[in-house]
Amino acid sequence: MQLTGDRFTAETAKLGNDLSTLPNYPAEIRAPAGTLPGVSSFQIHFADSDILTPGDEPEVLVAMNPAALKANLRDLKSSGVIIVNTDEFTKRNLSKVGYAANPLEDGSLDDYQVIEVPLTSLTIGALEEYEIGKKDAARSKNMFALGVLSWMYSRSTEVTEDFLRKKFAKKPEIAEANIAALRSGWNYGETAESFAVQYEIPPATLPAGTYRNITGNTALAWGVIAAGVASDLPVFLGAYPITPASDILHELSRHKKFGVTTMQAEDEIAAAGAALGASYGGALGITTSSGPGVALKSETISLGVSLELPLIVIDVQRAGPSTGMPTKTEQADLLMAMFGRHGEAPIAVLAPQSPSDCFDAMLEAARMALRYRTPVMLLSDGYIANGAEPWRLPDMESLPDLSVDFATEPNATDDAGEPAFLPFLRDPDTLARPWAVPGTPGLQHRIGGIEKADKTGDISYDPANHDHMVRTRAAKIAGIPVPDLEVDDPDGDGEILVLGWGSTWGPIGAAVRGLRERGITIARAHLRYLNPMPANLGEVLDRYDKVVVPEMNLGQLALLLRGSFPGTDVVGYNKVRGLPFTSTELQDALEEVIKNG
């Protein structure tokens, strides 16, 4: 189903529609087929206008078996279309998911337009001339279903046909069988009387440029490459495979020609240690993971704070605690990003708001890490990582200058008047220390996790020095300049501000848009920088009577705001379902806050 959704998305992107996707797949590697935990779904919302979410209520559901119908029916729009694979509605499959009677026969689907298609048998029949068994032929039923939908929405099949030929280049008979199934599905839609309507969605009006469809993980990977180019540094990624971050490692492993080295480490601790070691050696060190892995990396991140070296930690958040729900999304690592290290160990934290924004967020994380010599944590999540949307390719000349001035010569003199190197003699503007590549003549210096003396970097247990170093490291992070928070308040007289961060950007935007269309005045803003926060945040919060903070956690940003701005009336809206908010539920929640004053 993920492949099918991805192919439909590719065809849709080629036509120039705006789109947003929501892949949703089982946490188990081999979930039992035909069971509710084993359902894999892919939702896509596309239009000829600007859209912000994968949609609240799908208008068409393709149910490949009873489990898929039962798992997704509650989300389908009333009077929506259900295309159902009748071959799979056997007594055994029905009982497997708790159906006492066949829903295709008991009237429970009367509120929907049900189109019954024997997808499996039609696919097997279409592939009779190919030298493959019935079992392999039946596996192509997803391509038959894709063909039906491609006809229904006037999609071409050319991109998918090219994809299949490349994917099965070493097995051309499999490629051609899948293409035949795809074309048969398209022809079935064209000729079957069951489909009375065919839709045509014109291209969306987007700013001029070259676009491609991109997921958040791919955008992060390409942002890493761009950061390496913009800084003229070798890039090193140390990673251990973990859902939903692994695709960043997979993508970067393909791009060695850009000076990217990837290492699949034996564990999360080794991955972080190797990345920090690469930074010590003069590279841009990056490590990727999700919540459980970031917890294991915390000691190394704390070492990076002490050494004051650039290190980028990408946390693609997922539902916890512990192993939690590995394939489901959540925003519950914010407090860990802010405080999840021993001692006073502040780092910079930022969060992209959408799949395409991951590219720019990655460049910004690199800027902060390199210029201020600090670990930076970038908080993505499963919704952003796997979701897709159109992305306009940037002009390479517009990339920021991330070049680094390494220390190449002594920066002081010793008591005897001889040249000396002080590894913690700070830049007065950034408070960053010099970055000296090991082996540079005359710049030998001590490293390690034990507290360092100011300027010299020697081991120090002096109480006053420790207080000074702790405060200096904190001041360095607090002093990183970030853009002011922009507020979307067209009327300028809103009494309620909706403030989000990370992947809530799309659902909040769609909800606010819906409320304004109904004449309700409301303002919105979105935090990209979480540590340090924008300098004007307090002034923005003071303008509004209430600040509503929707989060996919139990109120972590709300807690930070209440602590930092105690006079602000912060109202949290919190759910942890492993799914993103819908715009409808946010509209209802915001309307309730407005009604209650």
Side-chain angles (χ1 to χ4, degrees), residues 291 294 315 317 319-321 329-341 343-353 377-379 381 471 474-475 477-480 482-489 494-505 507-509 511-512 515 521-577 580-581 585-597:
V294 174
D315 178 3
Q317 301 166 92
T329 194
E330 204 162 273
Q331 283 184 296
D333 293 352
L334 176 56
L335 294 182
M336 180 172 70
M338 294 289 290
F339 309 116
R341 291 161 296 284
E344 294 287 348
I347 63 174
V349 181
L350 73 161
Q353 63 191 28
M377 192 172 294
L378 190 152
L379 292 174
D381 61 40
R471 292 179 186 276
I477 301 301
I480 297 175
V482 301
D484 279 349
L485 181 65
E486 295 182 1
V487 181
D488 175 16
D489 189 358
E495 296 179 353
I496 292 177
L497 172 71
V498 191
L499 182 65
W501 70 276
S503 65
T504 58
W505 178 79
I508 290 173
V512 168
L515 291 173
T521 300
I522 193 166
R524 68 170 296 210
H526 206 76
L527 279 173
R528 198 173 187 231
Y529 298 88
L530 297 159
N531 195 37
M533 290 185 178
N536 71 330
L537 178 58
E539 181 270 324
V540 168
L541 298 179
D542 284 343
R543 289 187 226 159
Y544 298 93
D545 296 338
K546 286 186 185 296
V547 178
V548 183
V549 183
E551 299 180 80
M552 292 186 290
N553 57 48
L554 295 183
Q556 297 188 15
L557 177 59
L559 177 67
L560 294 175
L561 294 176
R562 291 187 189 109
S564 299
F565 308 96
T568 303
D569 186 358
V570 178
V571 179
Y573 181 75
N574 309 101
K575 283 192 176 181
V576 280
R577 303 171 301 163
F581 291 120
E585 70 176 303
L586 285 183
Q587 283 189 58
D588 293 342
L590 294 172
E591 198 166 12
E592 187 68 21
V593 172
I594 294 169
K595 187 188 302 180
N596 294 332

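Numbers here are sequence positions counted from 1.
No donor-acceptor pair under 3.5 Å is formed between the side chain of Gln353 and the backbone N or O of Trp505. In this structure, Glu330 contributes its side chain and Gln317 its backbone to no donor-acceptor pair below 3.5 Å. With hydrogens and angles ignored, the 3.5 Å screen pairs a side-chain donor or acceptor of His526 with a backbone N or O of Gly502. For the pair Asn531 (side chain) and Ile347 (backbone), a donor-acceptor distance under 3.5 Å is present. The main-chain N or O of Leu379 is never found under 3.5 Å from a side-chain atom of Asp315 such that the two would form a donor-acceptor pair.
Between the OG1 atom in Thr521 and the CD1 atom in Ile594 there is a gap of 8.5 Å [rounded to 0.5 Å]. Going from atom CG of Leu350 over to atom CG of Leu527 covers 11.5 Å, rounded to the nearest 0.5 Å. Rounded to the nearest 0.5 angstrom, Met552 CE and Leu334 CG are separated by 12.0 Å. Note that the CG atom of Leu590 and the CD1 atom of Ile496 stand 7.5 Å from one another [nearest 0.5 Å].
Residues that satisfy the side-chain hydrogen bond (donor to acceptor under 3.5 Å, both in side chains) test with Asn536, not counting sequence neighbours, are absent from this structure. For Gln587, the side-chain hydrogen bond (donor to acceptor under 3.5 Å, both in side chains) test picks out Arg518, with sequence neighbours left out. Every residue meeting the side chain to side chain contact (heavy atoms under 4.5 Å, CB included) condition with Arg543, not counting sequence neighbours, appears here in chain and number order: Val487, Glu539, Val540. Remark: Asp545 pairs with no residue by the salt bridge (Lys or Arg N to Asp or Glu O under 4.0 Å) rule, at least two apart or across chains. Residues meeting the side-chain hydrogen bond (donor to acceptor under 3.5 Å, both in side chains) test with Asp489, sequence neighbours left out: Tyr544. Qualifying ring-ring contact (aromatic ring centres under 6.0 Å, His included) partners for Tyr573, counting only residues two or more places apart in sequence or in other chains: Phe581. Residues satisfying the side chain to side chain contact (heavy atoms under 4.5 Å, CB included) criterion with Phe565, sequence neighbours excluded, are Leu537, Leu541, Leu561, Thr568. Shown here are the side chain to side chain contact (heavy atoms under 4.5 Å, CB included) partners of Asp488, two or more places apart in sequence or in another chain: Pro490, Arg516, Arg524. By the salt bridge (Lys or Arg N to Asp or Glu O under 4.0 Å) test, Glu585 pairs with Lys575, Arg577, sequence neighbours left out. The side-chain hydrogen bond (donor to acceptor under 3.5 Å, both in side chains) search around Glu344 returns none, not counting sequence neighbours.
In this structure, Met533 and Leu557 approach most closely via the heavy-atom pair CE-CD1, 3.8 Å. Between Leu530 and Ala351, the shortest heavy-atom contact is CD1-CB, 3.9 Å. The minimum heavy-atom distance linking Asp333 with Gly291 is given by the pair OD2-CA, 3.3 Å. Here the closest heavy-atom approach between residue Pro534 and residue Leu485 is recorded as CB-N, 3.6 Å. For the residue pair Leu586 and Pro550, the shortest heavy atom distance occurs at CD2-CB, 3.9 Å. When all heavy atoms of Gln331 and Asn553 are compared, the closest pair comes out as O-ND2, 2.9 Å.
Applying the salt bridge (charged side-chain N to carboxylate O under 4.0 Å, His left out) test to pairs two or more places apart or on separate chains, those with a residue in residues 525-537 are Asp357-Arg528. Sorted by first and then second residue, the pairs that involve residues 546-567 and meet salt bridge (charged side-chain N to carboxylate O under 4.0 Å, His left out), not counting sequence neighbours, are Lys546-Asp569.
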